[in-house]
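Report on the structure given below.
As the structure is a computational prediction, the values presented were derived from the model and not from experiment.
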Amino acid sequence: MADTLRGQLEAGPRDSLLDVILNKVAKAGKNVLITRIVYVARMIQRHNTMESIRLQLSRVIDKHGQDGELTGFLLVYPLCYIHTIEGKTPQLMAVLREVLTHGSELRLAETRVISSCEDVPVRYFNAWYAAFVPSSSTVEVMDPLDTFGAVKSASNINTFLRKAGPELTSPQDPETRRKLSSVDSSLEDVPAQEVVLSLAPTEDAPTVTEYLEIFDSPVNVDLESEQVWPMPAPLKY
């Protein structure tokens with residue numbers, strides 16, 4: 001056993017799982033890993049336009065993504081919104097943290113991360129877009145979806161986003177602007193406001209705060225041996 005340990009020490013540190021993944025990615029010719037996150041938010045106050053929300057979030061996107069590094073789609077309803085963001089993982093985490101700090105300004109009641117995919121093969125969107133979906137519904141709060149309903153609704157939203165991306169060619173393109181001005185009639189399978197409102201309170205998806213605690217906070221591991229007193233004697237080889 002001592003010879004085995006001595007051999008491992010002489011061989012130097014072993015590659016971590018992250019090292020193996022990054023080496024595999026480098027061999028595949030990828031220089032940047034792109035992550036896609038989709039979250040939904042319910043707002044306390046009703047909005048008849050998207051301007052205040054778009055301005056707040058566009059500043060955050062511009063702050064953390066230069067030269068179009070961050071892409072995505074903000075779909076605003078009178079009482080909620082869906083926000084898709086694509087880019088490097090650290091950039092997306094920074095955006096989510098600002099969403100929390102801007103929550104009081106936007107008056108967010110609830111948030112849920114309904115999709116998170118690392119190392120996506122392609123982006124859905126070539127820029128960051130925003131659109132408003134009017135709704136005449138008087139319903140302001142929906143009961144949370146059960147597990148099956150939440151998974152199905154989140155999958156349908158992802159399918160909508162995948163189909164919507166190729167329809168939006170450029171923020172300056174007149175046809176793209178026309179589609180954004182009437183999303184509900186120009187794009188297929190636009191999620192209804194009630195679907196978003198029922199996803200916001202579901203317990204089957206983490207809040208933005210919970211998501212950041214899981215994926216963007218230092219790992220704190222308590223070893224069982226550290227919880228024993230007196231401490232056991234160190235192993236001798």
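Residues Y77 and M50 do not share a hydrophobic cluster, defined by chaining ILVMFWY side chains whose heavy atoms lie under 4.5 Å apart. Note: the hydrophobic cluster containing L180 also contains I157 (ILVMFWY, side chain heavy atoms under 4.5 Å, direct or indirect links). Using a 4.5 Å cut-off between side-chain heavy atoms of Ile, Leu, Val, Met, Phe, Trp and Tyr, with links allowed through other members, V40 and V151 fall into different hydrophobic clusters. When hydrophobic clusters are built by joining Ile, Leu, Val, Met, Phe, Trp and Tyr residues whose side-chain heavy atoms come closer than 4.5 Å, directly or via intermediates, V196 is grouped together with L161.
The only option from I53, L57, T49 that meets the side-chain contact (heavy atoms from CB on, under 4.5 Å) definition with V76 turns out to be I53. Each of Y124, W128, Y129 was evaluated against N126; a single residue qualifies, Y129, per the side chain to side chain donor-acceptor pair (under 3.5 Å) test.
To the nearest 0.5 angstrom, I61 atom CD1 is 8.0 Å from L92 atom CG. Here the NE2 atom belonging to H64 is positioned 8.5 Å from the CG atom belonging to L70, to the nearest 0.5 angstrom. With values rounded to the nearest 0.5 angstrom, L199 atom CG is found 10.0 Å from D204 atom CG. Note that CG of D189 is 8.0 Å distant from CG of N156, once rounded to the nearest 0.5 Å. A distance of 9.0 Å separates OG in S116 from CG in L96, rounded to the nearest 0.5 Å. Of the inter-residue distances, the one linking K163 atom NZ with E188 atom CD reads 6.0 Å to the nearest 0.5 angstrom.
Of all heavy-atom pairs between T202 and L145, the closest is OG1-O, 3.3 Å. Of all heavy-atom pairs spanning A41 and L108, the tightest one is CB-CD2, 4.0 Å. Taking every heavy atom of both residues into account, H47 and M43 meet most closely at CD2-SD, 3.7 Å. Across C80 and Q193, no two heavy atoms sit closer than the pair SG-CG, 3.7 Å. Across all non-hydrogen atoms, the minimal contact from S186 to R178 is OG-NH1, 3.7 Å. Nearest heavy-atom pair, V38 versus N158, reported as atom, atom and distance to 0.1 Å: CG2-OD1, 4.0 Å.
The side chain to side chain contact (heavy atoms under 4.5 Å, CB included) check on T89 picks up T35, M93, E118, with sequence neighbours excluded. Remark: Y211 pairs with F215 by the ring-ring contact (aromatic ring centres under 6.0 Å, His included) rule, at least two apart or across chains. For the side chain to side chain contact (heavy atoms under 4.5 Å, CB included) test, residues two or more places apart in sequence or in another chain that qualify with E167 are K179, L187. Contacts of Q172 classified as side chain to side chain contact (heavy atoms under 4.5 Å, CB included), with partners at least two apart in sequence or in another chain: S170, R177. Listed by chain and residue number, Y81, H83 satisfy the ring-ring contact (aromatic ring centres under 6.0 Å, His included) test with Y39 (two or more places apart in sequence, or in another chain). With sequence neighbours excluded, the residues satisfying ring-ring contact (aromatic ring centres under 6.0 Å, His included) with F125 are F73.
Screening residues 83-93 for salt bridge (charged side-chain N to carboxylate O under 4.0 Å, His left out), with sequence neighbours left out, gives R36-E86. The stretch residues 144-189 participates, sequence neighbours left out, in no ring-ring contact (aromatic ring centres under 6.0 Å, His included) pair at all. Applying the salt bridge (charged side-chain N to carboxylate O under 4.0 Å, His left out) definition to pairs two or more places apart or across chains, none involves residues 135-158. Among residues at least two apart or in separate chains, salt bridge (charged side-chain N to carboxylate O under 4.0 Å, His left out) pairs with a member in residues 37-52 are R42-E110, E51-R54.
Side-chain contact of T111 with T207: a donor-acceptor pair under 3.5 Å is absent, judged by distance alone.
Taking a 6.0 Å sphere around CD of E203, one finds it holds 12 or fewer heavy atoms contributed by other residues, nucleotides or ligands.
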Could you check R97 against L212 for side-chain contact (heavy atoms from CB on, under 4.5 Å), going step by step and ending with a plain yes or no? CA-CA 8 Å; R97 291 202 176 279; L212 289 170; 3.7 Å; yes
Distance-only donor-acceptor pairs under 3.5 Å for side chains of residues 131-139, two or more places apart:
residue, atom, partner, partner atom, Å
S135, OG, S137, N, 3.3
S137, OG, V139, N, 3.2
S137, OG, E194, OE2, 2.8

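Grouped by direct or indirect side-chain proximity (heavy atoms under 4.5 Å, Ile/Leu/Val/Met/Phe/Trp/Tyr only), L55 sits alone.
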